[in-house]
Amino acid sequence: MLNLKNKKILIMGCGVIGGAAAKILSESGAKIVMSDKDERALDKVSLNLSDGRAITFDASRVEKIENFIRDVVNFDGLKLDGLVYAVDKNLTAPLADTSLELLQDAMTENFFAFIQAVRVFASEGIYNAKSSIVAVSNYASLGADKGQIAYGASKAAMDNAIPSIAKEIYSKGIRINSIRPAVVQSDKELSQRERELVAMMQTGAIDPEILAKQIAFLLSESSSGVYGRHFDVRGYLV
């Protein structure tokens, strides 16, 4: 297991992937701070942790992100060693229903809030040297499926920004990378299209624990030579 002992990691978004990451990172010795707008999601994740702090926070309130992250640091006076941005606004709609409001909602949580979180993380007094950021993107960024206009575009925006950010924050000793999974196992029933994609993957829907371990790797010094990369996890789906 990777050693992340006493590394302070902020996880924004405690859905299936963020929740799995919290568990794996905690087992690796990290000090976890989790946030999500859904208190029930936070409570569910907290049950699987021996230690960790949970904060109810809505990432769509982009203007509040700076104060939120600074409060996370000021709470115990410890700077952050890592950020996992696992907020995921998966909105689907046909073209006729893809309104400006829907586009704005997807871009706000999947892209605008992500950029703001990264910007604040990389500011003075927030991060420790040799820190790392991991974003949770999605296979839809490579070629959105029917109904994924807003979602695919927002994840593609994230993907496009990461190499540029990596070049800028390298001098600060911060790395940034992403994981880009296809269909992930969850309690939700898969749609017909998702079942078709899983069949093409030939590996079954992705176990979130596998993704969590990849996140842990990218946060650790074992991946110290990896900058601005996207780790695709999609079986044989091409």
Side-chain angles (χ1 to χ4, degrees), residues 4 6-15 17-19 21-26 28-39 41-43 45-46 49 51-89 105-137 154-155 157-158 161-162 164-179 212 215-216 218-220 227-228:
L4 291 166
N6 294 326
K7 298 292 186 181
K8 185 178 176 181
I9 310 294
L10 172 60
I11 302 174
M12 297 181 67
C14 281
I17 299 174
K23 181 175 182 293
I24 292 294
L25 294 173
S26 179
S28 300
K31 296 179 177 180
I32 303 300
V33 182
M34 310 170 288
S35 74
D36 200 284
K37 61 184 176 184
D38 186 344
E39 288 187 30
L42 285 172
D43 290 343
V45 174
S46 296
L49 302 183
D51 190 18
R53 183 176 173 223
I55 306 170
T56 303
F57 180 75
D58 185 352
S60 69
R61 301 170 65 190
V62 179
E63 74 284 359
K64 302 288 186 182
I65 289 176
E66 180 162 4
N67 286 340
F68 164 69
I69 294 179
R70 292 193 179 279
D71 286 346
V72 167
V73 171
N74 293 335
F75 179 80
D76 56 9
L78 298 175
K79 296 179 184 179
L80 292 167
D81 297 291
L83 168 67
V84 179
Y85 193 84
V87 176
D88 189 66
K89 189 77 169 182
D105 284 349
M107 291 296 290
T108 295
E109 292 196 41
N110 294 339
F111 183 59
F112 301 153
F114 162 68
I115 294 297
Q116 177 68 347
V118 172
R119 186 190 70 81
V120 176
F121 182 94
S123 60
E124 186 175 351
I126 300 297
Y127 66 94
N128 281 318
K130 297 183 179 180
S131 58
S132 178
I133 301 168
V134 182
V136 178
S137 184
S154 64
K155 292 297 187 178
M158 170 188 277
I162 285 172
S164 175
I165 295 170
K167 294 170 185 174
E168 186 170 341
I169 63 178
Y170 168 81
S171 61
K172 296 184 175 186
I174 307 172
R175 296 182 298 109
I176 183 169
N177 298 283
S178 79
I179 60 168
I215 290 171
L218 289 171
L219 288 171
S220 76
Y227 296 84

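Computed from a prediction, not measured in an experiment: that's the story for all the values here. For the single chain, residues carry numbers from 1 onward in sequence order.
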Practice task
Give the C-alpha distance, both sets of side-chain angles, the deciding distance and a yes or no for side-chain contact (heavy atoms from CB on, under 4.5 Å) between Ile162 and Ile133.
Solution key: CA-CA 10 Å; Ile162 285 172; Ile133 301 168; over 6 Å; no

Exercise for the section: Show your working on side-chain contact (heavy atoms from CB on, under 4.5 Å) between Met34 and Leu42 and close with a plain yes or no. Expected result: CA-CA 7 Å; Met34 310 170 288; Leu42 285 172; 4.0 Å; yes

Practice task
Flag the pair Val45 / Asp36 as yes when at least one side-chain heavy-atom distance between them is below 4.5 Å, and no otherwise.
Solution key: no

What's the shortest heavy-atom distance between [X] and [Y], and which atoms?
X: Ser26; Y: Leu49; value: CB-CD2, 3.7 Å
X: Val72; Y: Arg53; value: CA-NH1, 4.2 Å
X: Ala212; Y: Ile24; value: CB-CG1, 3.6 Å
X: Ser132; Y: Phe121; value: O-CZ, 4.4 Å
X: Glu109; Y: Val87; value: OE1-CG1, 3.6 Å
X: Gly13; Y: Ala86; value: O-CB, 3.5 Å

Practice task
Just do the side-chain contact (heavy atoms from CB on, under 4.5 Å) check on Ile69 and Leu80 with the steps written out, would you?
Solution key: CA-CA 9 Å; Ile69 294 179; Leu80 292 167; 4.1 Å; yes

Exercise for the section: Using the test side chain to side chain donor-acceptor pair (under 3.5 Å), find all partners of Asn128 that sit at least two apart in sequence or belong to another chain. Expected result: Asp81

Problem - Stepwise side-chain contact (heavy atoms from CB on, under 4.5 Å) check, Arg70 with Ile126 - result: CA-CA 7 Å; Arg70 292 193 179 279; Ile126 300 297; 3.5 Å; yes

Output the distance between atom [atom1] ([X]) and atom [atom2] ([Y]), rounded to the nearest 0.5 Å.
X: Leu219; Y: Asn177; atom1: CG; atom2: CG; answer: 9.5 Å
X: Glu39; Y: Ile55; atom1: CD; atom2: CD1; answer: 12.5 Å
X: Asp88; Y: Ser137; atom1: CG; atom2: OG; answer: 9.0 Å
X: Ser178; Y: Tyr85; atom1: OG; atom2: OH; answer: 14.0 Å
X: Ile165; Y: Ile176; atom1: CD1; atom2: CD1; answer: 4.5 Å
X: Tyr227; Y: Lys167; atom1: OH; atom2: NZ; answer: 14.5 Å

Exercise for the section: May I ask you to say whether Asp76 pairs ionically with Lys8, meaning some side-chain N is under 4.0 Å from a carboxylate O? Expected result: yes

Practice task
With sequence neighbours excluded, tell me which residues meet ring pair (Phe, Tyr, Trp, His ring centres under 6.0 Å) with Phe68.
Solution key: Phe57

Handout entry: Contacts of Tyr127 that satisfy ring pair (Phe, Tyr, Trp, His ring centres under 6.0 Å) - sequence neighbours left out
Key = none

